[in-house]
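Okay, so here's the structure we're looking at.
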Amino acid sequence: MSKPLIKLCGNQSLEDLKLTSKSDADYLGLIFAESKRIVEALDVKEWLKEVETEDKQLVAVFVNARLDEIEQVMNELPIDVIQCHGSETVKEIAEIKHHFKREVWKALPHYEGTLSDMKLYAEAADGFVIDSKVKDAFGGTGRTFDWSKVPCYIQAAEEINKTLFIAGGLTPDNIEQLLGLHPPGIDISSGIEQNGKKDEALLTRLEERVNHHVSVSR
Ligand SMILES: O=C(O)c1ccccc1N[C@@H]1O[C@H](COP(=O)(O)O)[C@@H](O)[C@H]1O
């Protein structure tokens, strides 16, 4: 099995970034939406002066943000991917893509309509993050969903040639079970946190489990 793409999301301090920037992650995520993990672009700009992120792509996560709100972040930071984690329409995703000329991922909640949503958004989004559907929350809930549908999501993403990340409550303890389904990408926030901070021991354990799984399935 080839190694999945890894996204470590919800970096909310210089300390978080110092830790995750040294990891095996391909993507580092920052939340620019109402959340306990919200960050300010100007703070992130300062933190980025102190960490080496050349080998990572930066993902800015928004929830139903206006173009001018996204623009404020894009003007300050070298963002590679815009992740829309709200109820943005296909038209809005297309506008964001057209305006910023960046990769745009649509987060979709797991429910009975997710597969049709993937087909619907395929004309505008470059990739998908499938997350748990939790009432009154858009993401970062630490809650898993029923992974029996993951193979269908993988197949659908392959058919429409889109990047796919599985998110929602991934932890060092459950990651090997998910990796058994061969997701192309995994997206983790709460599962590597302790007391609201990214935790070195949890991150190391996550990486050990991913590396172990990849090496035994070769
Ligand atoms: O992390 C947040 O606080 C958040 C807030 C609003 C939208 C998305 C958010 N995070 C995204 O949620 C998923 C899964 O997170 P978790 O591992 O279950 O905590 C991930 O894509 C984050 O980007």
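Both counts, for ligands and for their atoms, begin at 1 and track the order of listing.
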Less than 4.0 Å is my threshold; does some heavy atom of [X] fall inside it relative to ligand 1?
| X | result |
| --- | --- |
| Gly142 | yes |
| Ala33 | no |
| Gly10 | no |
| Glu193 | no |
| Gln83 | yes |

Query raised in the report: For atom 14 (C) of ligand 1, which of Ala107, Gly169, Gly139, Gly168 has the closest heavy atom?
Result: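 Result: the heavy atom closest to atom 14 (C) of ligand 1 is in Gly168.
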
Requested in this report: Determine, considering heavy atoms only, which of Ile192, Val63, Val134, Thr141 sits nearest to atom 6 (C) of ligand 1.
Outcome: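 The residue whose heavy atom sits nearest atom 6 (C) of ligand 1 is Val63.
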
Donor-acceptor pair, [X] side chain versus [Y] backbone, under 3.5 Å?
| X | Y | answer |
| --- | --- | --- |
| Lys106 | Asp126 | no |
| Arg143 | Thr141 | no |
| Lys7 | Gly29 | no |

Query - His213 side chain near Ile175 side chain, heavy-atom distance below 4.5 Å - result: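 Not in contact.
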
Could you check [atom] against the protein and tell me its nearest heavy-atom contact, residue, atom and distance included?
| atom | answer |
| --- | --- |
| atom 1 (O) of ligand 1 | Arg37 NH1, 3.0 Å |
| atom 21 (O) of ligand 1 | Asp187 OD2, 2.5 Å |
| atom 15 (O) of ligand 1 | Gly140 CA, 3.3 Å |
| atom 19 (O) of ligand 1 | Ser190 OG, 2.3 Å |
| atom 22 (C) of ligand 1 | Cys9 SG, 3.7 Å |
| atom 17 (O) of ligand 1 | Ser189 N, 2.9 Å |
| atom 13 (C) of ligand 1 | Asp131 OD2, 3.3 Å |
| atom 3 (O) of ligand 1 | Ser35 OG, 2.5 Å |

Query raised in the report: Under the criterion side chain to side chain contact (heavy atoms under 4.5 Å, CB included), which of Val104, Val59, Val63 is the partner of Gln83?
Result: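 Output: one option passes, namely Val59.
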
Query - Candidate pair Ser148 and Asp146, rule side chain to side chain donor-acceptor pair (under 3.5 Å), full reasoning - result: CA-CA 6 Å; Ser148 63; Asp146 173 10; 2.9 Å; yes

**Report entry** Centroid-centroid distance, Phe128 to Tyr153, less than 6.0 Å
**Finding:**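 Between Phe128 and Tyr153, the centre distance exceeds or equals 6.0 Å.
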
Query - Single-linkage hydrophobic cluster Val73~Phe138, side-chain heavy atoms < 4.5 angstrom - result: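 In one cluster: no.
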
Query raised in the report: Would Leu164 and Val129 show up in the same hydrophobic cluster when neighbours are defined by side-chain heavy atoms closer than 4.5 Å?
Result: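 In one cluster with Leu164: Val129, no.
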
Query raised in the report: According to the interplanar angle, ranging from 0 to 90°, do the rings of Tyr27 and Trp105 count as parallel (below 30°), tilted (30 to 60°) or perpendicular (above 60°)?
Result: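 Ring orientation, 0 to 90° scale: perpendicular.
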
